[in-house]
2 protein chains.
Amino acid sequence: MSTPHEHPANTSDDLAARLREQGLRLTPQRQLILRAIEELRHATPDEVLAHVRGQVSSVNASTVYRTLEVLEELGLVRHTHLSDRAPTYHSTMEHEHVHAVCRTCQAVRSYDPAVVQPVVDALAADGFVVDVGHLAIFGTCADCSAAAAVPPAT
Amino acid sequence: MSTPHEHPANTSDDLAARLREQGLRLTPQRQLILRAIEELRHATPDEVLAHVRGQVSSVNASTVYRTLEVLEELGLVRHTHLSDRAPTYHSTMEHEHVHAVCRTCQAVRSYDPAVVQPVVDALAADGFVVDVGHLAIFGTCADCSAAAAVPPAT
DNA sequence: CTTAATGCAAAAGGTTTGCAATGCA
DNA sequence: TGCATTGCAAACCTTTTGCATTAAG
């Protein structure tokens, strides 16, 4: 392992390079899927599929799953569980962030990893290395908390 | 970890009471399933099913799902996602705790909610109310971190 | 007696897999 | 050309749902 912490200028090159390193091949599907993740920011396999289908070539669902797996192994994408259903993928090119999901309205907000630093430190004292990018914090957002506390006025 | 305090007077009474409040009924299946969760500490619907099947009466899978849902609504159990697969349920009779899951060895450790208090406070400033009991922190435990850093000696 | 709860089977949602065809390298 | 990759279809696994039957209150 050894990814320098520079901000890669361009993922396409990264993709080609990392694939080659592993003796894997660069295919249009893989490029499309990676691009889809970057454009959608947060997307489930299904959303990726819908997105790439809107494009030129058609891609099969199993290819999406297999590709997402490869991309994650290459360290180009990551996933978290933002709902009880399908996982959500995002590009590692974005700044690392933690997700706060409102269980009432489903809204997802991103926070700076700094907010969880105390937790990371606390568990580090235990030898546990937290995977911040995979963290999903569930709860109730401001709007929904308010709605729940005060009976609807309308 | 063991429960420092004695097991709650008894959940059966709670179950009966809360069900009645809602006009719902107390059934042997519901009692069995709640008991299973308490005995197993952390269990997926499947594990609950296997557990209750070992008991006298046989319970159907759909009953397990429906019951888990009811029990959660009654506030007697909670669930988190400790793996990419099935959700894990636990009794609310236990002290609230956050889960730290090692993605390498799958080990689950419970921590005092205090470790995430800073995060809770940080998001609270934003009006976001964190559901601590639902929190699952993924990462690598001490043992697995060591194994990854140092090439296996044996 | 009423109707909530269960069991059963079928359906649905999401993901995986075997295999022949395809196409990077 | 050789082997990784894809498409397709079927298999899988977990969860949900409709409905007739059972049983709690």
Strictly below 4.0 Å: does [X] bring a side-chain N or O up to OP1 or OP2 of [N]?
{"X": "A:Y65", "N": "C:dT15", "value": "yes"}
{"X": "A:Q29", "N": "D:dG7", "value": "yes"}
{"X": "A:Q22", "N": "D:dA4", "value": "no"}

**Prompt:** Closest nucleotide of DNA chain D for A:A61 versus for B:T27: which of these residues is on the 5' side?
**Reply:**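 Result: A:A61.
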**Prompt:** Between the base of C:dG7 and the side chain of B:R66, is there a donor-acceptor distance below 3.5 Å?
**Reply:**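 Pair found.
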**Prompt:** Looking at B:H42 versus B:H97, is the centre-to-centre ring distance below 6.0 Å?
**Reply:**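 When the ring centroids of B:H42 and B:H97 are compared, they turn out to be within the sub-6.0 Å range.
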**Prompt:** Are B:H99 and B:H81 near enough that their ring centres are under 6.0 Å apart?
**Reply:**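 When the ring centroids of B:H99 and B:H81 are compared, they turn out to be at least 6.0 Å apart.
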Just how far, in rounded Å, is [atom2] of [N] from [atom1] of [X]?
{"X": "B:E73", "N": "C:dA5", "atom1": "CD", "atom2": "C1'", "value": "14 Å"}
{"X": "B:Q31", "N": "D:dA24", "atom1": "CD", "atom2": "C1'", "value": "12 Å"}
{"X": "A:N60", "N": "C:dT22", "atom1": "CG", "atom2": "C1'", "value": "14 Å"}
{"X": "A:E21", "N": "D:dA4", "atom1": "CD", "atom2": "C1'", "value": "17 Å"}
{"X": "B:R85", "N": "D:dC12", "atom1": "CZ", "atom2": "C1'", "value": "9 Å"}
{"X": "A:D84", "N": "C:dT15", "atom1": "CG", "atom2": "P", "value": "13 Å"}
{"X": "A:L15", "N": "C:dA25", "atom1": "CG", "atom2": "P", "value": "10 Å"}
{"X": "B:R25", "N": "C:dC1", "atom1": "CZ", "atom2": "P", "value": "16 Å"}

**Prompt:** If you look at every strand shown and take non-hydrogen atoms under 4.0 Å, does B:R30 touch a base, only sugar-phosphate, or nothing?
**Reply:**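 Result for B:R30 = sugar-phosphate.
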**Item:** Whichever of B:L24 and B:S62 has its nearest DNA chain C nucleotide further upstream toward 5'
**Value:**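 Mapping each residue to its closest nucleotide by heavy atoms, the 5'-most match is B:L24.
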**Request:** Assess whether side-chain contact (heavy atoms from CB on, under 4.5 Å) is satisfied between B:L40 and B:H51, documenting all intermediate values.
**Result:** CA-CA 8 Å; B:L40 298 171; B:H51 191 80; 3.6 Å; yes
**Message:** Please pick, from D:dG25, C:dG14, C:dT6, the nucleotide with the shortest atom-to-atom distance to any side-chain atom of B:L26.
**Reply:**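 Shortest atom-to-atom distance from the side chain points to D:dG25.
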**Request:** Evaluate the criterion side-chain contact (heavy atoms from CB on, under 4.5 Å) for residue pair A:H79 and A:L68; output intermediate values, then yes/no.
**Result:** CA-CA 9 Å; A:H79 83 272; A:L68 253 15; over 6 Å; no
**Message:** Quick one about B:T44 and B:D46 (side-chain donor to acceptor, distance below 3.5 Å, no hydrogens or angles considered), yes or no?
**Reply:**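 Absent: no donor and acceptor within the cut-off.
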